[in-house]
Amino acid sequence: MELSTRFNPADVEDKWYSHWESKGYFHSEPDDREAYSIVIPPPNVTGVLHMGHMLNNTIQDILIRKARIEGKNTCWVPGTDHASIATEAKVVRMLREKGIKKSDLTREKFLEYAWEWKEKYGGIILQQLRKLGASCDWERTSFTMDEVRSDGVLKVFVDLYNSGKLYRGLRMVNWDPEAKTVLSNEEVLHNDENAKLYYVKYMIEGSDEFLTVATKRPETIMGDTAVAVNPKDERYKHLEGKRAIVPLINRSVPIIQDDYVDVEFGTGALKVTPAHDPNDYDIGQRHNLEVIATINEDGRLNEKAQIHVGEDRFEARKTVTNDLEEAGLLVKVEEYVTSIVRSERTNSVVEPMLSLQWYVDMKKIVDPALENVLNNTVQFFPEKFKNTYRHWMENIRDWCISRQLWWGHRIPAWYYGEEVFVALTAEDALTQAQEKLNKPELTIDDLKQDEDVLDTWFSSWLWPITVFDGFNDPETLKYYYPTNVLVTGWDIIFLWVARMIMAGYEWENEKPFHHVYFTGMVRDKQRRKMSKSLGNSPDALELLEKFGADGVRFGMLSCSPAGGDLLFDEKLCDQGKNFCNKLWSALNLIKGWTVDDSLPIPAANQKAIEWFHSVKASTIDAVEKNFKEYRLSEALISLYSFAWNDYCSWFLEMMKPDYQKPIDPVSYQATVDFLSDICTLLHPFMPFVTEEIWHLLKERSEGEDCIVSQPPGTETSDEHLLAQFKLIKDITSNVRDIRNKNGLKKKELLDLMAVKSDETEALVSDKGLVDVLKKIAFVNSLDLSDTAPDGGIAFISGKSAFNVMVEVKVDAEAECAKLKADLEHQLKFVAGVEKKLANERFVNNAPEQVVQLEHKKLADGKARIEQIEARMAQICG
RNA sequence: GAGGGUAUAGCUCAGUUGGUUUAGAGCGCUUGCUUGACAGGCAAGAGGUCGGCAGUUCGAGUCUGCCUAUCCUCACCA
């Protein structure tokens, strides 16, 4: 069969993906085998595949495919989360385009639209993951709002409430005026931005005196209920007990003294707006100040502001500033860089607001989650994230879990007046109410369910439990849980990872996963985070199209140390694509050979096969070690080098029959088997090209697929043989260099002389080795001599001197200079070793092996010096 | 303000409990190679006193301290 000269991913990817799926290789049911499970970090149901997902899911797929080849019962559970804020925003926008306002809809009707939207557009990303080759157990696809997952969420809410770990409290919250919901501390971003600091005069009541306060939010002036100064501030001592007049609205407020005020900052006088600033709120609490909320949930001023009612807070900032200026109360405006808090989702500036919300009392559930990470029961890769984790966990704050949205899990709390009843169902809540209030006549209609839904993370934190229906099916859970590893970005260590660990211990008394592999963040070459607004993120699907899934997977992996930044460059995918072609052309070569069963195996090939077994063994050893440490890019690089350098560049050159000559069956079989092994070893990283080559390489029986192939057996590598080949390869490189520099063609066979030494005698006496050397270095003969022959071109390899016997003019001066430099280097080396060996403390204290090695280094170095000096005596005057 | 990471070749990074012929890879760079697998390729080569200083040790890229640079997390900021 004729093969194209290049590997074409588009021809094979869909074919193999559906083959694997139809064979049921992705699906898992509990059985006698050891389980290997991973739960996907559920992407946002509104999401589309981006670079972060590709990295993350490539890694998960590599781990799953590796475990599958090892014969484990692998289960990678896919799914999506319902992303309250993002999805609700999408649905609202979609409705607005249809001319429907959310406020005109009932909750039920809105949810109908939302589900419709979800069914239609949600989960595109799961389809896209297939293009990447993700071998998820699609039959287990989960959604945070489907029945099983929802039941779990309600159950834990009720559990936490009943055990006193959940409460409803009035607090200053992070309000997102665009999404019109509260956010948790973990969902807001602090960033330094350019702002202005406004200096405003507040007149002292009953006098012409004034004091100046500095504020960055003049639009909140109308909510001021005090002016505060530091009690130690001499400048304001005389104002104790006096009152100030709030500009524009002329409210009289007390001048209070509070340690919070920083004498150094601004004017040392602070306007206090308890309704719109967390610190001001605290001051207000201490001094019993009135709380006047002047900003609405949509960020506009309300009637309490008295002026500019209905204006947006940023518009009001301008108009109020104008008013102040006109009134002669604006002293100055300074440029000012300050940290601004924004919503992670909508990017709108967070408005601090006083609000009644539900909180999880984190201190009551944090302990086992902290302890078991610190003692490595749950192991982090890289380990440095333990520090970050500990810091956050030790300073943990309560988790605000209610959201003022409709798309999500509605809070299972029912109110009757001031009383609250938390239960799984309205009926249970009613029973509770009837008993507690001693009012058997109450009906469901008398109770009012909380209007709010729960934070999406409040369902995600149960993911490793609920995807296995763990609260109802303990048997299945026991088989897959704890899952083996969680693969996710470090940016959600608090939002998700920490909380999953807490939930695991809280409800299962067991960790959710053994290992956490934190991926790096994908950045562009300039280290900028990839983002839509910068437009520096390549389109994932286009990338897959352009380089093939294997190429992209290679590209993502080859530059991604765990936890570090990943500087993405398309060139890396290109390298992956080229690697596919390299493997493909190796297949092409082998397929072109004809086998002659009557041929015996040549000594050289016998030797080469033995050598390659050793190389393979040491490669597998390195790869296994790297997998254990999750050094996946390292593992890939060693396989890349094994396949490209060891197999293609060296082994195939050693085995290759002469042009149009047949090959013996043993050599052929070995060559095929080694490539087959390479396919198995590389399969987790590059599943498509390896499956294709695997099948083209030789006839395979039904079900004999690379995805489930046997891992190559573990052999021990022969260090002595590896060293011998290292010498052969070095001699070959030297000969090639001499050819290069002297314009000698490859076809021109050369004669090689070696000066007699242990090393060269051992080499020459091994026919197999000599034949390998002759073949790859295009050498006609290798003979020994007692001293270096006159003429020819000399080189030193290992610790021995060689001579390529050709009639060319040698540039004696250049060679002398090179020899001299070489000699200096060797003398320095030997001197260093001698010094070490002369040190009695070294000889007495260092391990025997280390001392032995130094002796060998010394002997080898001396031998090299001898050869260099001999050559110099010959050619340097 | 609290905590942490990193510093090795032009670039991006490995270097595992201190000892392996006085530092490795990929990319980039230089030179040479088109008739037999592959120019998306092959071969060869150049390039680093491991951020600085001090210390521990027989021995430090590796451990400790200090300094410098840089990045990150959390909290605060009128």
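All values below come from the heavy atoms of this structure, side chains included, with hydrogens, waters and symmetry mates left out. None of the values given here were measured: they were computed from a predicted structure. Letters go in sequence order (proteins before strands), and every chain restarts at 1.
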Quick one: side-chain hydrogen bond (donor to acceptor under 3.5 Å, both in side chains) partners of [X], sequence neighbours excluded?
{"X": "A:Q867", "value": "none"}
{"X": "A:E840", "value": "none"}
{"X": "A:K332", "value": "A:E334"}

**OP:** Using heavy atoms and a sub-4.0 Å distance, could you list which residues of residues 619-626 of chain A are near RNA chain B? By number, please.
**Re:**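 Per residue number, the list is empty: none.
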
**OP:** Between B:rC63 and B:rA43, how far apart are the P atoms? Round to whole Å, please.
**Re:**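 Nearest-Å result for B:rA43 against B:rC63 at atom P: 37 Å.
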
**OP:** Scan residues 850-865 of chain A for pairs that pass salt bridge (Lys or Arg N to Asp or Glu O under 4.0 Å), counting only residues two or more places apart or in two chains.
**Re:**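 Checked against salt bridge (Lys or Arg N to Asp or Glu O under 4.0 Å) - neighbours excluded - the pairs reaching residues 850-865 of chain A are A:K799-A:D860, A:E834-A:K862, A:K836-A:E854, A:E854-A:K857, A:K856-A:D860.
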
Original post:
What pairs of residues pass the salt bridge (Lys or Arg N to Asp or Glu O under 4.0 Å) test when at least one of them lies in residues 633-653 of chain A, not counting sequence neighbours?
Top reply: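 Listed once each, the pairs are A:E653-A:K656.
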
Protein within reach of the bases, or only the backbone? For [range], mark each nucleotide 5' to 3' as B, S or -, using heavy atoms under 4.0 Å.
{"range": "nucleotides 68-75 of chain B", "value": "-----SBS"}
{"range": "nucleotides 20-30 of chain B", "value": "SBB--SSS---"}
{"range": "nucleotides 34-43 of chain B", "value": "--BBB-BSSB"}

Close N/O contacts between protein and nucleotides 56-65 of chain B (under 3.5 Å):
unit_1	atom_1	unit_2	atom_2	d
B:rC58	O2'	A:N839	ND2	2.9

Original post:
Dot-bracket for RNA chain B, 5' to 3', counting Watson-Crick or G-U wobble pairs under 3.5 Å, with [ ] for crossing pairs and | for inter-strand pairs?
Top reply: (((((((..((((.....[....)))).(((((.......))))).....(((((..]....))))))))))))....

**OP:** Take atom CG of A:L744 and atom C1' of B:rU31, then tell me their distance rounded to the nearest Å.
**Re:**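 So the two atoms are 16 Å apart, to the nearest Å.
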
Original post:
Tell me the ring-ring contact (aromatic ring centres under 6.0 Å, His included) pairs involving residues 566-590 of chain A, sequence neighbours left out?
Top reply: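 Output for this query lists A:F7-A:W584, A:F554-A:F579, A:F579-A:Y640.
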
